**Q** 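Following this message is one structure expressed as structure tokens.
These numbers were taken from a predicted model, which means no experiment stands behind them. Chain naming here is simple, since letters A, B, ... match the order of the sequence lines and numbering starts at 1 in each.
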Amino acid sequence: MQQNLYLYNSLKRTKELFTPITPGYVGLYLCGPTVYGPPHLGHARPAVVFDILNRYLHHLGYKVRFVRNVTDVGHLENDADEGEDKIARKARVEKLEPMEIAQLYTDNYHEEIEKLNVLKPSIEPRASGHIIEQIAMISQIMENGFAYESNGSVYFDVVKYNATNHYGKLSGRVLEELIAGAGEERRELEGQEEKRNRVDFALWKKASPEHIMRWPSPWSDGFPGWHIECSAMSGKYLGETFDIHGGGMDLLFPHHECEIAQSVGATGKDPVRYWMHNNMITINGQKMGKSLGNFINLSELYAGSHKLLEQAYSPMTIRFFILQAHYRSPLDFSNEGLKAAEKGMKRMLNAKALLPKLKTSATSTSKISDVIDSCYEAMNDDLNTAIAMASLFEGARIINSVYAGTETITAADLDSLSKFFTLFVEEVLGLKEEALGDDSSVDGLMSIILELRKDVKAKKDFAASDKIRDMLLALGYKIKDEKDGATWTRE
RNA sequence: GGUCCUGUGGCCGAGUGGCUAGGCAGAGCUCUGCAAAAGCUUGUACAGCGGUUCGAAUCCGCUCGGGACCUCCA
């Protein structure tokens with residue numbers, strides 16, 4: 001842990017040196033998916049971004065407890081669905097048990113996200129499995145006088161809370177302005193009349209008769225409010241105050257603001273020391289939205305089956321593409337951008353594969369420590385993966401040059417470059433060659449074929465050697481004739 | 001309407017007072033039976049208009065785009 005890691009803290013609006021509460025240990029919480037539909041492109045960015053944080057903290061020697069929740073109790077719909085929650089609605093439409101839907105999309109999420117080589121969280125709590133904890137927390141908030149019951153529902157009293165605390169400290173919202181309202185366009189939520197103030201938010205909602213997802217509570221048969229699960233579960237597994245809480249920028253308000261209010265309302269303590277938010281993605285410069293027809297599911301992306309996609313893009317290409325941008329900048333997905341990422345990634349992984357083949361010399365023409373240092377410097381500066389990757393490409397340039405014989409490297413430098421490059425690419429950035437389902441016999445078969453091809457080439461029978469190359473290419477095996485003989489890769 | 005972020009070369013995308021980001025694409029060369037790969041060389045960009053400064057893509061103001069949140073959303 002020699003490195004000083006600086007992270008941008010949304011709460012302070014500045015970069016801060018990261019110091020954990022308990023030396024050597026980090027508690028990390030990430031808002032996970034609401035499992036009412038297939039995972040889409042929007043899910044990929046926070047998953048990958050916070051995977052990098054998780055991996056880098058590990059790399060620095062911290063023991064990380066990484067908690068990522070699954071929201072399977074649904075959230076209120078505010079429009080035509082009249083308070084029916086998302087999962088319940090989906091269940092009705094698809095004629096399934098609500099938990100069947102949640103299970104299906106939870107599995108689906110795991111499947112698609114793991115393809116991006118995202119490490120699993122240490123704990124993945126489900127909201128439905130923590131109803132008791134949520135009820136306990138709501139009771140605590142009520143006891144402390146920051147919540148009230150109204151017609152079987154419980155609301156957080158934002159105005160009362162703000163008298164002694166600061167509601168808006170994370171998002172920069174001003175309570176008076178929120179109360180004044182956002183103009184005529186603002187729609188009135190169902191149940192508004194039960195609240196003392198329009199800014200109050202639900203901790204517990206009484207279920208309407210047709211509402212199929214419900215649990216018993218001291219107040220009514222109902223379901224927890226939008227924000228309470230994260231507060232209850234992060235508190236349970238990471239403590240009343242923990243190190244880092246992550247999520248998309250869209251969750252900053254109201255979700256994370258309300259989390260703070262709830263936790264302070266219940267425990268009197270600030271729940272989180274470092275709040276981190278990733279920026280959003282756009283598609284061809286436009287925001288992704290269901291109504292805009294540019295909502296791309298991960299499975300469609302991997303298969304290239306969406307109408308906006310010119311080809312399939314592998315999960316590793318997506319990962320590489322996401323890492324080429326800084327996590328707090330918006331990122332635009334386009335065919336051109338993704339194709340460039342695909343090629344760039346190949347270049348990086350090819351260089352890594354060349355490392356064992358390099359010959360050493362008495363001197364080095366490049367300073368290897370510069371490459372390594374600049375990489376760490378970039379990561380320590382709020383996880384600037386874009387610059388870290390630029391350093392890795394400088395490493396790739398050196399590797400290629402040594403391989404081509406235009407540069408030299410000492411045995412000691414090669415050793416440190418190999419260790420560093422492999423470690424950074426594979427373990428920190430989590431980039432790897434994608435499995436193509438080969439078994440070991442392919443190696444043997446290929447060497448036989450290349451040996452035979454070498455013979456016909458020696459006889460200058462280029463028609464035959466080209467035919468072999470073309471036929472192998474048709475199968476997905478690409479032959480490269482180099483000065484020391486032919487090599488092959490899978491396309 | 002309010003609050004906040006943002007606008008970089010053909011494309012993506014770092015940087016944020018003086019010093020080459022990087023990737024992809026393009027051009028030339030080397031290598032090569034051809035191809036591929038690789039290497040070398042090459043581009044002089046910072047929305048517009050003002051201002052501050054010895055010096056601004058970088059700070060300030062205005063204008064015009066794009067986006068986020070304010071309402072379920074990653």
**Q** Remember a base hit wins even if backbone is also touched, and classify Gly344(A) as base, sugar-phosphate or nothing at under 4.0 Å, heavy atoms.
**A**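 The residue Gly344(A) makes sugar-phosphate contact but no base contact.
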
**Q** At 4.0 Å (heavy atoms only), tell me whether Phe321(A) reaches a base, stays on the sugar-phosphate, or touches nothing.
**A**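 If one applies the 4.0 Å heavy-atom cut-off, Phe321(A) turns out to touch the sugar-phosphate alone, with no base involved.
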
**Q** In whole Å, I'd like the distance from the CD atom of Glu336(A) to the C1' atom of C11(B).
**A**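 In whole Å, C11(B) C1' lies 4 Å from Glu336(A) CD.
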
**Q** Go through G39(B), A74(B), C70(B) for me and flag the one nearest to the Phe253(A) side chain.
**A**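 From the listed options, C70(B) comes nearest.
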
**Q** With sugar-phosphate meaning primed atoms plus P, OP1 and OP2, does Ser171(A) contact a base, only sugar-phosphate, or nothing at under 4.0 Å between heavy atoms?
**A**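 No contact.
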
**Q** Nearest whole angstrom, please: distance from the P of C73(B) to the CD1 of Ile281(A).
**A**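 Checked: the CD1 to P distance equals 16 Å.
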
**Q** With the six-membered base ring of G33(B) as reference, does the ring of Phe462(A) sit under 5.5 Å away with planes under 30° apart?
**A**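 The base of G33(B) is stacked with Phe462(A) (centres under 5.5 Å, planes under 30°).
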
**Q** Looking only at the side chain of Asp466(A) (C-beta and beyond, no hydrogens), which of the listed nucleotides U3(B), G13(B), C34(B) gets closest?
**A**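 It is C34(B).
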
**Q** Side chain of Arg469(A), base of A36(B): donor and acceptor closer than 3.5 Å?
**A**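 No pair found.
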
**Q** Rounded off to whole Å, could you give me the CZ-to-P distance for the Phe50(A) and A74(B) pair?
**A**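 Going from Phe50(A) (CZ) to A74(B) (P), I get 14 Å.
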
**Q** From A38(B), C34(B), C73(B), pick the nucleotide closest to the side chain of Asp481(A)?
**A**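 It is C34(B).
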
**Q** Could you check which of A74(B), A14(B), G22(B) has an atom nearest any side-chain atom of Ile387(A)?
**A**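 Closest nucleotide to the Ile387(A) side chain: A14(B).
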
**Q** What integer distance in Å separates Leu349(A):CG from A38(B):P?
**A**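 These atoms are roughly 12 Å apart.
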
**Q** Counting side-chain heavy atoms from C-beta on, which of A74(B), A14(B), C40(B) comes nearest to His326(A)?
**A**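 Output: A14(B).
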
**Q** Consider the side chain of Ala390(A), meaning its heavy atoms from C-beta on, and name the nucleotide among G13(B), G22(B), G67(B) that approaches it most closely.
**A**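 Taking heavy atoms from C-beta onward, the closest nucleotide is G22(B).
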
**Q** Would you please confirm or rule out a distance under 4.0 Å between OP1 or OP2 of G67(B) and any side-chain N or O of Asn279(A)?
**A**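 No, outside the criterion.
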
**Q** Measure up the His255(A) and His227(A) rings against each other and bin them: parallel (under 30°), tilted (30 to 60°), perpendicular (over 60°).
**A**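 Aromatic pair His255(A)/His227(A) classed tilted.
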
**Q** I need the CG-P distance between Asp332(A) and A68(B), as an integer number of Å.
**A**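 Spelled out: CG on Asp332(A) to P on A68(B) is 12 Å.
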
**Q** Would you mind telling me which of A25(B), A14(B), C70(B) lies closest to the side-chain atoms of Lys343(A)?
**A**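 Shortest atom-to-atom distance from the side chain points to A25(B).
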
**Q** Only pairs with both distances under 3.5 Å count, Watson-Crick or wobble alike; so what is the partner of G7(B) in this structure?
**A**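 Across any shown strand, G7(B) pairs with C64(B).
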
**Q** Can you check the Arg13(A) CZ to U6(B) C1' distance for me, whole Å?
**A**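 Atom-to-atom, Arg13(A) to U6(B), this comes out as 16 Å.
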
**Q** Which nucleotide in the list A37(B), G67(B), A14(B) gets nearest to the side chain of Lys480(A)?
**A**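 Out of A37(B), G67(B), A14(B), the nucleotide with an atom closest to Lys480(A)'s side chain is A37(B).
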
**Q** Would you indicate what Lys457(A) reaches in the nucleic acid, counting non-hydrogen atoms under 4.0 angstrom: base, sugar-phosphate, or nothing?
**A**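 If one applies the 4.0 Å heavy-atom cut-off, Lys457(A) turns out to touch a base.
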
**Q** Report the distance from atom NE2 of His43(A) to atom P of A74(B), rounded to the nearest whole Å.
**A**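 Result: 4 Å.
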
**Q** Taking atom P in both A47(B) and A14(B), compute the distance separating them and give it to the nearest angstrom.
**A**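 So the two P atoms sit 15 Å from each other.
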
**Q** I want to verify a distance call: between A74(B), G33(B), C24(B), whose nearest atom is closest to the Ala340(A) side chain?
**A**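 Nearest nucleotide to the side chain: C24(B).
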
**Q** Can you see if the side chain of Asn400(A) gets near the phosphate of G39(B) - specifically, an N or O under 4.0 Å from OP1 or OP2?
**A**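 Answer yes for this pair, as a side-chain N or O of Asn400(A) is under 4.0 Å from OP1 or OP2.
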
**Q** Which nucleotide in the list G39(B), C34(B), C12(B) gets nearest to the side chain of Arg347(A)?
**A**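 Of the candidates, G39(B) comes closest.
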
**Q** Could you verify whether a donor N or O on one side chain and an acceptor N or O on the other, from Thr282(A) and Asp332(A), lie under 3.5 Å apart?
**A**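 Yes, a side-chain donor-acceptor pair sits under 3.5 Å.
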
**Q** Quantified in whole Å, what is the C1' atom distance between nucleotide C19(B) and nucleotide G61(B)?
**A**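 These two C1' atoms come out 29 Å apart once rounded.
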
**Q** 5'-most contact on RNA chain B: Ala386(A) or Asn278(A), nearest heavy atom basis?
**A**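 Here Ala386(A) is the residue nearer the 5' end.
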
**Q** Looking at Thr34(A), I'd like to know whether one of its side-chain N or O atoms comes within less than 4.0 Å of OP1 or OP2 on A74(B).
**A**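 For A74(B), OP1 or OP2 has a side-chain N or O of Thr34(A) closer than 4.0 Å.
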
**Q** For a quick test of reading the model: is some side-chain N or O of Ser391(A) closer than 4.0 Å to OP1 or OP2 of G22(B)?
**A**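 So the side chain of Ser391(A) is outside the cut-off, no N or O lying under 4.0 Å from OP1 or OP2 of G22(B).
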
**Q** Check Asn380(A) against Gln3(A) and note the closest heavy-atom contact, atom names and distance.
**A**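 That closest heavy-atom pairing would be ND2-OE1, 2.7 Å.
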
**Q** Does NZ or CZ of Arg328(A) come closer than 6.0 Å to the centre of the six-membered ring of Tyr8(A), within 45° of the ring's axis?
**A**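 Yes, cation above the ring, under 6.0 Å and within 45°.
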
